[in-house]
Amino acid sequence: MITLKVRYDGDQHVTATKEPDHNVVAIDCPYTGKGEEFSPASLLSVSVASCMLLSMGAIAQRDGLDLTGTVVDVSFKGMEKRFPHVDSINLVFGIPNDFRPRDRKKLERAAGLCPLVESIGPETRVETTFNFGVAQ
């Protein structure tokens, strides 16, 4: 059984642990903490990017497309204006291989099927850019 535990460590710092593997993610508040770790908003943004990549990966695996080395540059906006709210998540996919147009379309569609995007309210935009054939 997988268990996730989140512990408040003090000084606006939290540790999330996945058991039984003991994988740890450090989280703090960028406003009242040190801002040295992942923030809740950055984890939300990274979760969406990861979900999209995994959705694309399922299609790539099925169709024999190689996504190895794909990198997503992740940014988010809005936390400073309407605290606490993320207005937009911007994801720029750098995909090393240059696929045929129909394969590109399949991969882009797969990214859009990420269930986390549907879990985010309509007031938060998720913007994606796909750059194929990007040298590493």
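Residues: numbered from 1 along the sequence shown.
When side chains are defined from C-beta on, Leu44 does not count as touching Val46, because their heavy atoms never get closer than 4.5 Å. Here the side chains of Val14 and Asp28 are not in contact, with every heavy-atom distance at 4.5 Å or above. Annotation: side chain of Val48 is in contact with side chain of Val117 (closest heavy-atom distance under 4.5 Å). At a threshold of 4.5 Å between non-hydrogen side-chain atoms, the residues Leu67 and Ile95 count as touching. Between Leu107 and Lys105 the shortest side-chain heavy-atom distance does not fall below 4.5 Å. At a threshold of 4.5 Å between non-hydrogen side-chain atoms, the residues Asp73 and Leu91 do not count as touching. A 4.5 Å side-chain heavy-atom check between Glu108 and Phe132 finds at least one atom pair inside the cut-off. Side-chain contact between Met52 and Val126 is present, with at least one heavy-atom pair separated by less than 4.5 Å.
The neighbour count for Asp11 CG, taken as heavy atoms of other residues, nucleotides or ligands under 6.0 Å away, does not exceed 12. More than 12 heavy atoms of other shown residues, nucleotides or ligands fall within 6.0 angstrom of atom CZ in Phe99.
Pairs engaging residues 33-47 under the salt bridge (charged side-chain N to carboxylate O under 4.0 Å, His left out) rule: none recorded [sequence neighbours left out]. Counting only residues at least two apart or in different chains, salt bridge (charged side-chain N to carboxylate O under 4.0 Å, His left out) contacts with residues 49-58 are absent. Legend: side-chain hydrogen bond (donor to acceptor under 3.5 Å, both in side chains) pairs involving residues 43-63, not counting sequence neighbours, sorted by first then second residue: Asp63-Lys106.
A search for ring pair (Phe, Tyr, Trp, His ring centres under 6.0 Å) contacts involving Phe130 returns Phe93, not counting sequence neighbours. Scored by the salt bridge (Lys or Arg N to Asp or Glu O under 4.0 Å) test, Glu127 finds Arg125 as partners (sequence neighbours excluded). In this view, Gln12 and Tyr8, Cys29, Thr32 satisfy the side chain to side chain contact (heavy atoms under 4.5 Å, CB included) rule, not counting sequence neighbours.
Atoms OG1 and CG, on Thr129 and Asn90 in that order, are 6.0 Å from each other to the nearest 0.5 Å. Here Asn97 contributes atom CG and Thr70 contributes atom OG1; the two are 7.5 Å apart, rounded to the nearest 0.5 Å. To the nearest 0.5 Å, the span separating NE2 on His85 from CD on Glu123 amounts to 4.0 Å. With values rounded to the nearest 0.5 angstrom, Phe76 atom CZ is found 9.0 Å from Ile89 atom CD1.
Here Arg7 pairs with Asp9 in a salt bridge; the nearest charged N to carboxylate O distance falls below 4.0 Å.
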Going through the distances and angles, do Val86 and Lys77 end up as a side-chain contact (heavy atoms from CB on, under 4.5 Å)?
-> CA-CA 6 Å; Val86 175; Lys77 299 176 192 163; over 6 Å; no
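A donor-acceptor pair under 3.5 Å is absent between the side-chain atoms of Ser39 and the main chain of Gly35, judged by distance alone.
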